S.K.: 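Can you keep this structure in mind? I'll have questions shortly.
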Amino acid sequence: MSDEENVIAFPAAEESAAEEPSGSCPPEHLVPALEACLFAVTQPVPTATLAAALGVSEEQVTGALEALRERQLRTGAGVRLVEVGEGWQLRTEPRMATWVAAVRGGKPFRLSRPALETLAIVAFRQPVTKGDVDDIRGVDSGGILRTLLDRGLLKLAGRSDDPGRPMLYGTTSAFLTLFGMRSLADLPTLRDLRALREDDPEASPVPVVPFPDGDEG
Amino acid sequence: MSDEENVIAFPAAEESAAEEPSGSCPPEHLVPALEACLFAVTQPVPTATLAAALGVSEEQVTGALEALRERQLRTGAGVRLVEVGEGWQLRTEPRMATWVAAVRGGKPFRLSRPALETLAIVAFRQPVTKGDVDDIRGVDSGGILRTLLDRGLLKLAGRSDDPGRPMLYGTTSAFLTLFGMRSLADLPTLRDLRALREDDPEASPVPVVPFPDGDEG
Amino acid sequence: MQAERTLQVLPQPEPQARRAEPPVHIGVYDGPLDLLLYLVRKEGVALREIPVARICDAYLRHLHELDEIDVDKAGDYLAMASTLCLLKARELLPKAPTIQGEEEEEDPREALERRLLEYERFRDAADQLGRRQLLDREVFARPMEPVAADEQPIDPTTDTWGLAQVFYGLLEKQSAPPPVHSVAFETYTMADTVRNMLELLDDGEEHTLSELWVDMPFRRARLITFLAALESAKFQLVDLWQRIHLGAVTLQARVRAAEADLSMLADHEHDDRSAGG
């Protein structure tokens with residue numbers, strides 16, 4: 001293959017092809033160009049970044065991505081376009097997980113239950129202190145918080161006004177990406193405490209869960 | 001949702017989908033499965049490896065890969081199947097190289113390790129002299145300090161009373177903005193870190209322990 | 001009426017099924033609330049109708065059955081035990097007539113119920129999160145090639161933590177005690193180091209490079225380990241990645257130590273030695 005040099009197979013390896021983008025991507029190339037771009041990067045890419053790189057409008061990008069998604073669906077492709085965190089990403093079709101794992105080898109990714117609990121608490125209650133997490137879980141969560149910070153699933157989000165000004169924690173966009181969510185609005189709904197309160201109006205007021213209901217902002 | 005209250009049975013811990021491949025890939029999934037597999041690895045994969053992982057014959061693999069290639073050609077896909085020395089690989093379509101490079105070239109923010117170290121020292125220890133930074137890093141940091149001044153992340157903050165009255169460095173509001181902090185008080189202290197130091201074995205992402213469900217015996 | 005019910009069940013012998021259960025380790029439970037919730041669910045009652053005496057007994061019995069208990073965590077479990085015993089005692093005693101407006105303090109039973117209920121909600125949420133299609137579990141993106149630290153993008157908005165790690169890492173390095181004696185360089189060969197590293201990684205879990213360094217006071221040992229990590233990644237013995245710019249270098253074995261073919265490392269022996277020197 002004579003033009004193999006131009007083929008970018010490995011992200012980050014290639015330098016030569018990184019010339020200045022010349023003008024804008026012709027409309028007939030938009031879908032394959034976007035497909036190639038998303039294939040060649042590992043992280044989700046925002047619409048604006050794609051539009052800027054290809055010299056087209058964001059509407060053209062979303063339109064072409066819609067066409068790409070439609071084609072993947074129609075042809076039963078093993079790779080699908082998803083919108084996660086703040087951008088677009090190509091991912092394998094979930095039903096192919098077994099075969100992908102078999103080819104990739106290695107241990108499957110796992111999250112421990114304590115880690116999931118801690119993530120859930122931070123996700124719903126953020127910004128939240130370690131004390132809050134400890135209270136709800138009934139055990140010390142320091143080690144887990146640290147691990148989740150190291151893994152970039154949580155971030156530091158300032159300090160609380162509580163005595164001692166403890167650190168506050170929040171979730172990151174990597175959290176959204178991991179769980180395939182577009183925003184925190186995609187979080188599962190928490191069963192609420194209203195039932196309890198109806199039965200027992202004397203019960204002291206329960207803490208209200210600030211849950212992003214449907215629309216976030 | 002009202003009957004959710006009554007659900008006592010604990011949902012069994014999810015088994016990861018990526019367990020042992022069970023039997024062989026059904027024929028109707030062969031093309032998307034191969035596509036997903038090649039998407040999820042960077043190195044070329046030999047036919048034999050694919051056949052073994054999917055539990056099918058090498059002829060079935062090559063046949064399905066031929067169908068995949070034909071589909072990519074027909075739909076004008078931006079990603080193509082190529083056969084290279086050691087096996088099969090997905091690569092971006094050569095004509096899309098410009099756009100791929102443009103998206104990949106949209107450089108995310110980068111700080112070199114020395115720059116990050118220097119920023120960290122100034123942030124935590126400010127106001128600080130070049131000598132202080134050099135001591136902690138163990139190397140001369142003059143050039144980096146100047147670069148960070150130029151980039152507006154550091155500023156001069158007067159002179160020290162030390163002999164020679166060396167310049168003092170501090171961080172700017174641009175630095176705070178860059179790292180998403182409201183004030184320097186948001187930086188974690190050693191005390192904050194110690195709160196997370198609980199070396200509890202559950203902190204590491206250990207495998208999910210199947211919860212002993214009362215109903216399951 | 002609750003007191004009546006609990007009194008009634010107190011002398012109940014332990015059901016057969018429960019006795020047949022294998023001994024349980026405390027590690028199975030994610031804290032006292034988790035254990036308590038498990039026991040309540042096993043009773044098959046709503047949280048609001050917890051038969052305190054019975055649950056208390058079951059809880060204590062469970063603590064006794066645990067053949068090993070982490071000293072650091074025992075406190076949490078015992079605190080819960082004392083709360084349960086207090087509740088049990090209160091329910092066995094006739095309720096003191098309350099003077100109007102006097103009992104302002106929250107009923108400890110209600111407080112416990114509320115904690116349990118809240119904990120249960122987050123457990124459910126965690127379950128729901130765990131059932132999503134997780135990246136690298138059910139769905140896969142294009143893998144990242146291992147690249148040099150300076151090639152990694154940085155996301156400063158989430159990297160206050162990373163900044164702190166860099167700073168405290170430097171301080172630690174600075175204050176590390178100097179080695180008291182020197183070790184012959186020949187102690188470390190690349191193949192040996194890779195083999196040792198793979199053995200440490202044999203649990204299949206993710207480990208950071210600094211974890212592997214824990215017992216290595218000498219720079220050279222660390223350097224060789226670092227090189228070994230890179231070599232192992234090159235030969236696909238391990239996966240190696242940094243999730244964030246300058247973040248922890250994380251490793252996970254792709255092969256078992258016993259099965260690893262390290263013959264290709266022999267050729268590199270000489271080079272690596274000179275690189276390390």
Side-chain angles (χ1 to χ4, degrees), chain A residues 10-13 39-43 82 89-94 97 100 104-111 113-114 116-117 119-121 123-124 135-140 149-152 154-156 172-174 177-181 187-188 190-193 196 199-200 203-204 206-207 209, chain C residues 30-34 36 47-48 72-73 76 80 106 110-111 113-115 117-130 132-145 147 151 153 155 157-161 164-165 204-205 208 239 243-244 247-248 250 252-255:
Chain A
F10 304 111
F39 175 84
V41 294
T42 58
Q43 298 295 314
V82 292
Q89 191 175 40
L90 290 175
R91 293 182 169 189
T92 59
E93 215 276 335
V100 174
R104 275 179 44 134
K107 291 274 172 124
F109 176 85
R110 285 171 193 267
L111 270 181
R113 176 165 288 285
L116 277 171
E117 275 179 25
L119 278 176
I121 293 166
F124 281 100
D135 281 350
I136 295 177
R137 297 193 55 234
V139 285
D140 185 281
L149 282 167
D150 282 345
R151 294 180 124 201
L154 296 184
K155 65 179 176 192
L156 300 176
T172 63
S173 66
T177 306
L178 175 67
F179 287 96
M181 292 188 243
L187 281 173
L190 273 191
R191 204 192 316 164
D192 64 52
L193 291 179
L196 175 70
D199 280 10
D200 190 359
S204 54
V206 288
V209 181
Chain C
D30 188 18
L33 285 174
D34 190 31
L36 194 55
L47 285 183
R48 255 166 295 148
D72 288 337
K73 289 186 199 148
D76 291 330
M80 178 60 75
E106 189 184 11
E110 277 168 19
E113 281 170 6
R114 220 186 44 209
R115 267 191 93 188
L117 209 67
E118 187 179 42
Y119 179 63
E120 188 189 35
R121 293 194 315 157
F122 281 107
R123 279 203 74 111
D124 288 351
D127 283 333
Q128 289 189 53
L129 276 183
R132 292 187 73 92
Q133 286 164 2
L134 289 201
L135 191 60
D136 289 340
R137 198 180 68 179
E138 283 87 14
V139 292
F140 299 85
R142 284 284 287 173
M144 190 133 45
E145 291 280 305
V147 285
E151 295 290 312
D155 180 2
T157 54
T158 65
D159 268 358
T160 319
W161 175 250
Q165 297 298 93
E205 299 300 329
T208 60
D239 287 322
R243 207 214 50 80
I244 51 168
T250 311
Q252 188 171 28
R254 291 178 70 103
V255 296

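Keep in mind it's a predicted model, so treat the numbers as computed, not measured. Chain A is the first sequence line, chain B the second, and so forth, proteins listed ahead of strands; every chain is numbered from 1.
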S.K.: Which atoms form the tightest heavy-atom contact between A/Phe124 and C/Ala125, and what is the distance?
M.R.: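 Looks like CE1-CB, 3.6 Å.
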S.K.: Evaluate the criterion side chain to side chain contact (heavy atoms under 4.5 Å, CB included) for residue pair A/Arg91 and C/Gln133; output intermediate values, then yes/no.
M.R.: CA-CA 11 Å; A/Arg91 293 182 169 189; C/Gln133 286 164 2; over 6 Å; no
S.K.: When rounded to the nearest 0.5 angstrom, what is the spacing between CG in C/Leu134 and CG in A/Leu116?
M.R.: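 Going from the CG atom of C/Leu134 to the CG atom of A/Leu116 covers 7.5 Å.
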S.K.: Do C/Pro32 and A/Val139 have side chains that get closer than 4.5 Å, going by heavy atoms?
M.R.: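 Sidechains of A/Val139 and C/Pro32: in contact.
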S.K.: Give the C-alpha distance, both sets of side-chain angles, the deciding distance and a yes or no for side chain to side chain contact (heavy atoms under 4.5 Å, CB included) between A/Asp135 and C/Glu118.
M.R.: CA-CA 10 Å; A/Asp135 281 350; C/Glu118 187 179 42; over 6 Å; no
S.K.: Kindly indicate whether the side chain of C/Asp127, heavy atoms from C-beta on, has any atom under 4.5 Å from the side chain of A/Arg113.
M.R.: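 The answer is yes, as the side chains (C-beta and beyond) meet within the 4.5 Å cut-off.
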S.K.: Taking all atoms of both residues into account, what is the closest heavy-atom pair of C/Tyr119 and A/Glu117, and its distance?
M.R.: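 So the minimum-distance heavy-atom pair works out to OH-OE2, 3.0 Å.
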S.K.: Which bit of A/Gln89 is near chain C, if near means a heavy-atom gap under 4.5 Å: side chain, backbone, both or neither?
M.R.: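 It is the side chain, since no backbone atom gets that close.
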S.K.: Are the side chains of C/Leu129 and A/Leu187 in touch, meaning some heavy atoms are under 4.5 Å apart?
M.R.: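 Yes, at least one pair of side-chain atoms sits under 4.5 Å.
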S.K.: Any side-chain heavy-atom pair from C/Arg142 and A/Leu90 closer than 4.5 angstrom?
M.R.: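 No; the side chains remain at least 4.5 Å from each other.
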S.K.: Determine, for C/Asp136 against A/Arg104, whether the closest basic-nitrogen to carboxylate-oxygen distance falls under 4.0 angstrom.
M.R.: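 Yes, C/Asp136 and A/Arg104 are salt-bridged.
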S.K.: Answer yes or no: is there a side-chain heavy-atom contact under 4.5 Å between A/Arg110 and C/Arg137?
M.R.: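 Of all side-chain heavy-atom pairs linking C/Arg137 with A/Arg110, none is under 4.5 Å.
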